[in-house]
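One structure is given below, encoded as structure tokens.
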Amino acid sequence: MSAPVRHYVGGGFDTSGDPFPLVDPVTGRTVGEVPSAPVEVVDRAVRAAREALRGPWGTWSPADRARALHRIADGIERRFEEFVVAECADTGKPRELAAGVDIPRAIANFRAYADLLAGRSEQSWHTATPDGRGALNYTVRKPLGVVAVISPWNLPLLLLTWKVAPALAMGNTVVAKPSELTPGTACLLAEVTAEAELPAGVFNLVHGPGADAAGQWLTEHPGVDAIAFTGESGTGTTIMRAAAARLAPVSFELGGKNAGLVFADADLDRAVAGTLRSAFTHSGQVCLCTERLYVERSVFDAFAERLADGTRALGGYGPMISAAHRDKVLGHLAKAAADGEVLAGGGVPSFGDERDGGFHVEPTVLRGLPEDHPTVREEIFGPVVHLAPFDTEAEALALANAGPYGLAATVWTDDLARAHRVAPALEVGIAWVNTWNLRDLRTPFGGVKASGIGREGGDHSLDFFSEPMNVCVKL
Ligand code: NAD
């Protein structure tokens with residue numbers, strides 16, 4: 001059984017609420033339970049966060065807060081192995097992913113925002129006045145207040161801390177609600193914030209589902225001043241409606257249906273290896289994963305064959321997060337097999353051990369589906385990539401830019417001019433050329449169209465989590 005899942009409210013742990021089962025996606029077995037926070041607990045968490053704004057936290061200087069963020073990073077480092085075990089237990093992802101990406105990135109999130117905060121300055125102006133004495137205008141940055149952070153199950157700690165760190169950096173207090181499917185690392189984070197001597201109520205944690213539960217109650221709570229959310233685009237619409245009622249600002253990182261473009265002039269070895277990563281990392285359950293790949297016709301067959309070979313050779317991959325999600329992915333694969341061609345994968349693997357009770361899906365390469373097919377248009381969020389040919393650069397761009405989403409794209413080309421022509425013309429928030437998911441935490445991160453509202457990363461996050469105020473002093 002995994003460690004007990006507990007809410008963390010006003011500096012105290014709490015297990016109130018009806019429990020629901022926590023399932024190991026590797027085996028399908030129930031391994032614990034999650035208490036579903038009642039309204040009363042959500043309300044208490046928001047009140048504790050409000051109260052903490054008025055306490056010592058409100059007097060901490062940016063340097064004090066930066067030091068606190070480093071202490072949290074130190075705390076995660078000290079308990080690194082516990083975090084890795086909890087991350088793998090919740091998500092079923094391979095250990096090397098959790099230990100190589102998720103937990104180090106959570107540490108880096110706190111350190112990056114601590115360092116950015118320490119080096120941050122605000123604008124000031126000397127303004128001319130008719131009497132010749134002038135005025136001094138300067139900007140004061142204030143926290144928004146109580147911030148709700150709602151995060152998904154695919155990169156539970158990475159995405160939670162990506163919002164919590166800048167929110168705390170700017171002096172806000174937080175009520176976090178992680179996905180009900182992956183509560184483990186958030187519980188450890190709560191313990192670490194206490195060990196890092198954050199005052200009670202600065203970081204609070206409530207568990208439970210979204211609709212008609214903790215998530216919804218948090219977004220509708222009049223005491224929540226802003227909402228930072230990562231998840232499905234449809235959930236974003238629901239949350240925005242709740243926020244609109246009281247004009248609360250939102251920062252949204254939403255779904256995607258990311259395209260890749262492979263030009264004939266690309267280094268095909270690099271493009272194949274890069275696509276195996278971009279399509280199948282964490283079994284395709286990364287918002288940035290490539291689900292549509294357009295390949296220039298002259299190299300299409302060769303590329304498709306090599307990608308299919310590489311895909312069949314993949315091993316050691318993790319499961320879908322839940323039975324429901326596996327069934328959704330398999331539904332897409334059934335439609336795709338009927339209407340197109342399966343080049344690799346397409347089914348459920350058989351391991352001959354306890355993993356056969358889990359939610360695995362084979363890494364899958366498809367071709368031959370029309371562009372308006374649901375499998376090509378809708379986000380699958382699984383290990384599935386569809387290949388289609390193109391003839392011209394203009395056609396490639398039109399194909400990539402079609403559809404409701406605009407999160408990320410990859411371009412594979414060795415033509416420098418083409419790279420600089422095509423990448424900025426993509427209707428996405430992030431375009432990678434000859435790489436995928438290479439991140440610098442200072443860069444803007446987010447999507448256009450149905451993939452998000454606002455940008456995270458660097459100063460973009462620090463700006464979102466604060467209100468600039470103008471002070472004008474007549475000299
Ligand atoms: P989801 O929208 O179902 O849930 C995300 C979170 O919102 C969970 O904590 C959930 O409990 C909560 N929630 C659900 N309904 C709610 C409601 N009515 N009110 C308040 N909260 C509610 O998404 P998911 O299935 O957990 O995650 C997968 C989705 O997240 C995919 O669409 C993926 O593309 C997206 N995602 C986007 C990014 C990005 O950076 N753009 C990153 C990771 C995942």
Side-chain angles (χ1 to χ4, degrees), residues 20 25 34 36-37 42 90-91 93 101-102 105 109 148-163 175-183 185-186 205-221 224 227-245 248 250-258 281-291 320-322 324-326 328-329 378-382 404-409 428-430 437 439 441 443-457 460-461:
F20 57 90
V34 185
S36 185
V42 174
D90 276 356
T91 61
K93 69 179 56 165
V101 178
D102 294 86
R105 238 310 279 285
N109 287 341
V149 172
I150 300 182
S151 50
W153 47 260
N154 63 325
L155 309 169
L157 188 70
L158 188 163
L159 291 172
L160 184 73
T161 54
W162 182 230
K163 297 178 194 306
V175 181
K177 195 208 80 66
S179 168
E180 60 275 27
L181 302 174
T182 54
T185 47
L205 174 66
V206 295
H207 297 284
D212 292 321
Q216 182 180 330
W217 300 329
L218 195 52
T219 59
E220 291 175 352
H221 200 294
V224 168
I227 302 169
F229 167 73
T230 300
E232 284 187 9
S233 300
T235 312
T237 302
T238 306
I239 291 179
M240 198 164 179
R241 237 179 247 127
V250 296
S251 167
F252 282 172
E253 301 297 345
L254 307 176
K257 184 71 185 177
N258 308 307
T281 295
H282 191 17
S283 295
Q285 298 170 113
V286 178
C287 55
L288 305 165
C289 277
T290 307
E291 295 194 2
M320 302 294 92
I321 189 67
S322 63
H325 188 47
R326 180 212 38 207
K328 175 189 148 184
V329 175
E378 295 169 14
E379 181 181 47
I380 299 174
F381 218 55
Y405 294 107
L407 184 55
V428 291
I430 309 147
N437 204 4
R439 299 275 298 115
L441 303 187
T443 59
F445 180 89
V448 301
K449 302 198 278 187
S451 289
I453 296 179
R455 289 293 176 275
E456 300 184 317
H460 304 280
S461 288

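Note that the structure is predicted; figures quoted are calculated from it, not measured. Counting starts at 1 for both ligands and their atoms, following the listed order.
Residue A211 has at least one heavy-atom neighbour below 4.0 Å for each of these atoms of ligand 1: 15 (N), 16 (C), 17 (C), 18 (N). Taking every non-hydrogen atom of N154 and a distance limit under 4.0 Å, the qualifying atoms of ligand 1 come out as 43 (C), 44 (C). Near P178, meaning under 4.0 Å from any of its heavy atoms, are these atoms of ligand 1: 9 (O). Here is the list of ligand 1 atoms found below 4.0 Å of a heavy atom in T238: 18 (N). Those atoms of ligand 1 that come under 4.0 Å of a heavy atom in L407, given as number and element, are 41 (N). Near F445, with a cut-off below 4.0 Å to any heavy atom, the atoms of ligand 1 are 40 (O). Residue L159 has at least one heavy-atom neighbour below 4.0 Å for each of these atoms of ligand 1: 42 (C), 43 (C). Close approach of ligand 1 to W153 is summarised as follows: ligand atoms under 4.0 Å from at least one heavy atom of the residue are 24 (P), 25 (O), 26 (O), 27 (O).
Between T235 and ligand 1, an N or O atom pair is found at a separation short of 3.5 Å. On a distance-only criterion, K177 and ligand 1 share at least one N/O pair closer than 3.5 Å. Any N or O atom pair closer than 3.5 Å counts here, and S151 shares at least one such pair with ligand 1. Between T219 and ligand 1, no pair of N/O atoms sits closer than 3.5 Å. Considering both main-chain and side-chain atoms, L254 comes within under 3.5 Å of ligand 1 through a nitrogen or oxygen pair.
A distance-only check finds no donor-acceptor pair linking the side chain of S151 to the backbone of L160 [under 3.5 Å]. For the pair T219 (side chain) and A242 (backbone), a donor-acceptor distance under 3.5 Å is absent. Distance alone, capped at 3.5 Å, is enough to place a donor-acceptor pair between the H282 side chain and the N154 backbone. At least one donor-acceptor pair closer than 3.5 Å links the side chain of N109 to the backbone N or O of L158. At least one donor-acceptor pair under 3.5 Å links the side chain of S451 to the backbone N or O of G255. At distances below 3.5 Å, not a single donor-acceptor pair connects side-chain atoms of S251 with backbone N or O atoms of A228.
For the atom pair CZ of F445 and OG of S461, the computed distance is 10.0 Å after rounding to the nearest 0.5 Å. Taking CG of L155 as the start and OG1 of T182 as the end, the distance is 9.5 Å to the nearest 0.5 Å. To the nearest 0.5 Å, the span separating CD on E291 from CD on E378 amounts to 10.5 Å. With rounding to the nearest 0.5 Å, the separation of CG in L181 from CG in D90 is 9.0 Å. Atoms CG and CD, on L159 and E456 in that order, are 8.0 Å from each other to the nearest 0.5 Å. Separation of atoms CD1 (I321) and CH2 (W153) is listed at 5.5 Å; rounding is to 0.5 Å.
When hydrogens are left out, the protein atom nearest atom 20 (C) of ligand 1 is G215 C, 3.2 Å; that is the closest non-hydrogen contact. Here the heavy atom of the protein found nearest to atom 35 (C) of ligand 1 is G231 O, 3.3 Å. In this structure, the protein non-hydrogen atom closest to atom 12 (C) of ligand 1 is I150 CG2, 3.7 Å. Among protein heavy atoms, the minimum distance from atom 36 (N) of ligand 1 is reached at C287 CB, 3.6 Å. For atom 28 (C) of ligand 1, the nearest non-hydrogen atom of the protein is F381 CE2, 3.7 Å.
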*Applying side-chain contact (heavy atoms from CB on, under 4.5 Å), run through F381 and Q285 and close with a yes or a no.*
CA-CA 5 Å; F381 218 55; Q285 298 170 113; 4.2 Å; yes
*Audit row: V206, V175, side-chain contact (heavy atoms from CB on, under 4.5 Å) steps and yes/no*: CA-CA 7 Å; V206 295; V175 181; 4.2 Å; yes
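Note on ligand 1: F229 sits in its first shell, one or more heavy atoms being nearer than 4.0 Å. The closest approach between a heavy atom of G447 and any atom of ligand 1 is not below 4.0 Å.
Heavy atoms of L218 found under 4.0 angstrom from ligand 1: none, in either backbone or side chain.
The side-chain heavy atoms of K257 and I380, taken from C-beta on, include a pair separated by under 4.5 Å.
Comparing A324, A148, P152, G236 by heavy-atom distance to atom 27 (O) of ligand 1, the nearest is P152. Taking all heavy atoms of E232, E253, E456, E379 into account, the minimum distance to atom 23 (O) of ligand 1 is reached by E232. Summarising the contacts of atom 17 (C) of ligand 1 with G234, A213, G210, the nearest heavy atom is found in G210. The residue among K257, Q216, E180, H325 with a heavy atom at the shortest distance from atom 19 (N) of ligand 1 is Q216.
Distance remark: protein heavy atom present below 4.0 angstrom from atom 32 (O) of ligand 1.
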